[in-house]
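What follows is a set of notes on a single structure, which appears directly below.
Remember, it's a predicted structure, so these values are computed and weren't measured experimentally.
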Amino acid sequence: MDIASSFLPGSAYAEARRISMYGPAGPSTWQKLDELDKPAAGGYITLVEYQTLRKTIHGLHVKNPRPSGEKPMMINTQTQDMLIHSTGSRRRTFQQRINRIAQLASTGFAILLASLLFTGCASVPKDYPRTSSTAFTDYLDTSVGQLFEEAAVQHPGESGFAIIRYGRPAFISRVALTELAEKTLDVQYYIWEADATGRLLADRLIRAADRGVRVRLLIDDLTTTGRDSLIAALDAHPNIEIHIFNPFANREARALDFIVDLGRVNHRMHNKLMVMDNAVAIVGGRNIGNHYFDVATDANFRDLDIAAAGPVVRDISRVFDHFWNGDWSVPIGALVDQHYTAGDLAEVRSLLQERIAQDDYPYPLDQDVDELKAELVSIRDSFIWAQGQIVWDDPSEVKEGIQEGKLITALRKKMDTLQEELLIESAYFVVKDRGIESARLFNERGVRVRVLTNSMASNDVLAAHAGHAERRKQLVENGVELYELRPDAGAPRKKMISGESKASLHTKAMVFDRESVFIGSYNLDPRSASINTEAGLYVESPELARQVIEYMDVGVQPENSYRVLLDEDGDLVWVTEDDGVEVRYHKDPESTFWQRFMSGFIILLPVEHQL
């Protein structure tokens, strides 16, 4: 991505491609957009043209096919409307980049100012019909509920747990829950991508609803841009209800909310969980999208989930109910300006089936799911039964601007009891002064601390890496064994049919003294600590800890990561192995000058508390 493209609501061509993920524009429109996006014109249009174009494309979005061979553009989940890929890959000199940034920054400010003056300030609807609902209570009336109860009675007061290491089984498990469900599916996610796995899972939820299963879907609003009509049409199903967490008031110009209502919209729901019949749940780090399930061809995440059964599932359901019934959760029907009917649902289902038929999901999904269901008893018997609990942030507390959420407070209390070892695997690892002091105290007490996080080359959020890079040297000086994932790490992904993809780390897991574990959505960074809501499972089990450590140990192998050390001059050095031969780097491996420059620039900005 060209850094310069991050400063405007986007070029005409990029906007068309974003909308085309759900409803492609017709060939004539594409030709018109290509003309608008000529390099000579800079690829940018006036505000009036931009708004007119959006309306035109939305009007065409299900009527005309995309030109043969065109594929929808993938959106960076961290960016929002104003962070859209530019077209082409025109090379610029360093000075040209700086000049372009200055030009775009000033133009972007003018556009946003004009938008504020002419569009006014919208507000989130408050007066709308809504009914409360709670989790299904008679889980023993379901087949899976009875199956796991047979094991639960042998372990009174305990719950069953199993880690899900890899992407393919992680997706199969979620699809299997939709097929095994008899009464309810409660689904809560931060991101739901409009790609092959996102469409497949949406289709399976609809099929479950057709069988009479009640589906409650709660999605954070950060990445739902342009999908209100689609979501509202799905909500028209009599057995599907969809809520949006902390919705943007300006549905078409969300960047405005970051200007006029930052204190509210900055708080996001980062939770990721799925509960079937109040009998089985999946909690962890994975959102819904190809990158999380070893399907993407450009980059796949190393990630970790944990499946649960027994009493803890009822606790997880109560957490879901708390989010679902709170005033921060708004029905999609209150955010759209028309009533969606069964006809709209049928149209969306037809479009969904067309897109699924075009998608290149690389595994035999039905066969995989059938095999999982056939092995359900042996899967149940492999669960580890132990004491466990759901740890989570209350959105009402986060909204009030507390310094730290309940989850990080609980983790800190646990870390204060450590005697020997703390193992961490976290996609983003941004410590502040308190974290450095904790590392020093651990070192003094003889507590070993090992951390695996992303390298600059594997990180999908450069700003998060900048926050991490600022404190790396202090961490190593205070005894932390620091590792950074290589972008070519082999363990997180296998060769895909279409070739190899880059590895990136998305896990959020901790092991305490090899006796207990935490697996969830919480990154060790300021945003997870006090801005977003998070959730995860804490389990006291040496056996489960052993399994998680086995998974973590693979990540820090020299063929999969760089060990960050200090050389004889006290400077950072990255040590790894290629074909068994030690290799040393004296700057961030596999990174570009531009990445390093921007990382250093971000460090200078007063944004650490937002990373």
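With respect to Asp571 and Lys587, no salt bridge is recorded, no charged nitrogen being found less than 4.0 Å from a carboxylate O. Electrostatic pairing of Asp220 and Lys272 does not count as a salt bridge here, judged by no charged N lying under 4.0 Å from a carboxylate O. A salt bridge is absent between Glu484 and Arg563: the closest approach of a Lys/Arg side-chain nitrogen to an acidic carboxylate oxygen does not fall below 4.0 angstrom. A salt bridge does not link Glu437 to Arg434: none of the charged side-chain nitrogens sits closer than 4.0 Å to a carboxylate oxygen. Under a 4.0 Å N-O distance rule, the pair Asp588/Arg472 qualifies as a salt bridge. At a threshold of 4.0 Å, the pair Arg318-Asp321 does not count as salt-bridged, since none of the basic side-chain nitrogens sits closer than that to a carboxylate oxygen. Using a cut-off of 4.0 Å between Lys/Arg side-chain N and Asp/Glu carboxylate O, Asp525 and Arg527 are scored as not salt-bridged. A salt bridge links Asp257 to Arg264: one of the charged nitrogens lies within less than 4.0 Å of a carboxylate oxygen. A salt bridge does not link Lys413 with Asp416: none of the charged nitrogens is closer than 4.0 Å to a carboxylate oxygen.
Aromatic ring pairs are classed by plane angle as parallel below 30°, tilted from 30° to 60° and perpendicular above 60°; the pair His506 and Tyr292 is perpendicular. Between Tyr562 and Tyr585, the ring-plane angle classifies as perpendicular under the 30° and 60° cut-offs. Taking the six-membered ring where tryptophan is involved, the planes of His270 and Tyr190 are perpendicular, since the angle between them exceeds 60° and thus also 30°. Note: His155 and Trp385 have parallel aromatic rings, judged against thresholds of 30 and 60 degrees for the angle between ring planes. Using the six-membered ring where Trp is involved, Phe597 and Phe601 have ring planes that are parallel, under 30° apart on the 30 and 60° scheme. In this structure, Tyr522 and Phe518 have perpendicular ring planes: the angle between them is above 60°, well past the 30° mark.
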Query - Check against side chain to side chain contact (heavy atoms under 4.5 Å, CB included), Arg314 and Asn278 - result: CA-CA 6 Å; Arg314 266 64 79 190; Asn278 208 4; 3.6 Å; yes
Requested in this report: List the steps, then state whether salt bridge (charged side-chain N to carboxylate O under 4.0 Å, His left out) holds for Asp578 with Arg486.
Outcome: CA-CA 11 Å; Asp578 286 338; Arg486 288 172 50 151; 2.9 Å; yes
Requested in this report: For the pair Leu524 and Val430, evaluate side chain to side chain contact (heavy atoms under 4.5 Å, CB included) and give the outcome as yes or no after the intermediate values.
Outcome: CA-CA 6 Å; Leu524 273 82; Val430 182; over 6 Å; no
Report task. Under the side-chain hydrogen bond (donor to acceptor under 3.5 Å, both in side chains) rule, what do Thr197 and Asp195 come out as? Steps first, then yes or no, please. Result -> CA-CA 6 Å; Thr197 55; Asp195 57 18; 3.3 Å; yes
Requested in this report: Take Arg448 and Phe442, measure what side chain to side chain contact (heavy atoms under 4.5 Å, CB included) needs, and give me the verdict at the end.
Outcome: CA-CA 7 Å; Arg448 178 194 182 207; Phe442 281 139; over 6 Å; no
Report task. Check the pair Val480, Glu477 against side chain to side chain contact (heavy atoms under 4.5 Å, CB included), reporting the backbone distance first and the verdict last. Result -> CA-CA 7 Å; Val480 174; Glu477 289 173 339; over 6 Å; no
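Side-chain atoms of Asn271 and Ser521 include no donor-acceptor pair closer than 3.5 Å.
In Asp569, the CG atom is crowded: over 12 heavy atoms of neighbouring residues, nucleotides or ligands sit closer than 6.0 Å.
In this structure, Leu201 and Phe171 have side chains that are in contact, with non-hydrogen atoms separated by less than 4.5 Å. For the pair Val451 and Glu481, the minimum side-chain heavy-atom distance is 4.5 Å or more. Side-chain atoms of Phe512 and Tyr538, non-hydrogen and from C-beta on, do get closer than 4.5 Å to each other. In this structure the side chain of Met510 never reaches within 4.5 angstrom of the side chain of Ser516, judged on heavy atoms. Arg286 has its side chain within reach of Arg174: a pair of non-hydrogen atoms, C-beta onward, lies under 4.5 Å apart. Using a 4.5 Å heavy-atom cutoff, the side chains of Val431 and Ile436 are in contact. Between Phe429 and Leu475 there is a side-chain heavy-atom pair separated by less than 4.5 Å. Considering only heavy atoms from C-beta on, Trp192 stays 4.5 Å or farther from Asn287 through its side chain.
Ala249 approaches Val124 most closely through the heavy-atom pair CB-N, 3.8 Å. Shortest non-hydrogen contact noted between Ala386 and Phe161 is O-CE1, 3.6 Å. Nearest heavy atom pair, residue Asn266 against residue Ile531, reads O-CG2, 3.2 Å.
Cation-pi check for Arg302 over Tyr551 is met; the charged atom lies under 6.0 angstrom from the ring centroid and within 45 degrees of its normal. For the pair Lys508 and Tyr428, the cation sits on the ring face: its NZ or CZ lies under 6.0 Å from the ring centre, inside 45° of the axis.
Listed for the Gln474 side chain is no donor-acceptor partner under 3.5 Å among the backbone atoms of Arg471. Using modelled atom types, one side-chain atom of Ser458 and one backbone atom of Leu485 make a donor-acceptor pair closer than 3.5 Å. Remark: the backbone N or O of Val548 is not paired with any side-chain donor or acceptor of Glu425 at under 3.5 angstrom. Looking only at distances, no side-chain donor or acceptor of Lys502 sits under 3.5 Å from a matching main-chain atom of Phe301.
Among residues two or more places apart in sequence or in another chain, the salt bridge (Lys or Arg N to Asp or Glu O under 4.0 Å) test is passed with Asp186 by Arg216.
Considering Ser561, Pro487, Ser426, Ser504 in turn, Ser504 is the only one that fulfils the side chain to side chain contact (heavy atoms under 4.5 Å, CB included) rule with Asn454. Partner of Asp221 under the salt bridge (charged side-chain N to carboxylate O under 4.0 Å, His left out) criterion, out of Arg268, Arg254, Arg227: Arg254 alone. For the ring-ring contact (aromatic ring centres under 6.0 Å, His included) with His243, the qualifying choice from Trp324, Phe320, Phe323 is Trp324, the only one to do so.
Two rings, from Trp392 and His322, have their centers less than 6.0 Å apart.
A distance of 8.5 Å separates CD1 of Ile384 from CD1 of Ile306, quoted to the nearest 0.5 Å.
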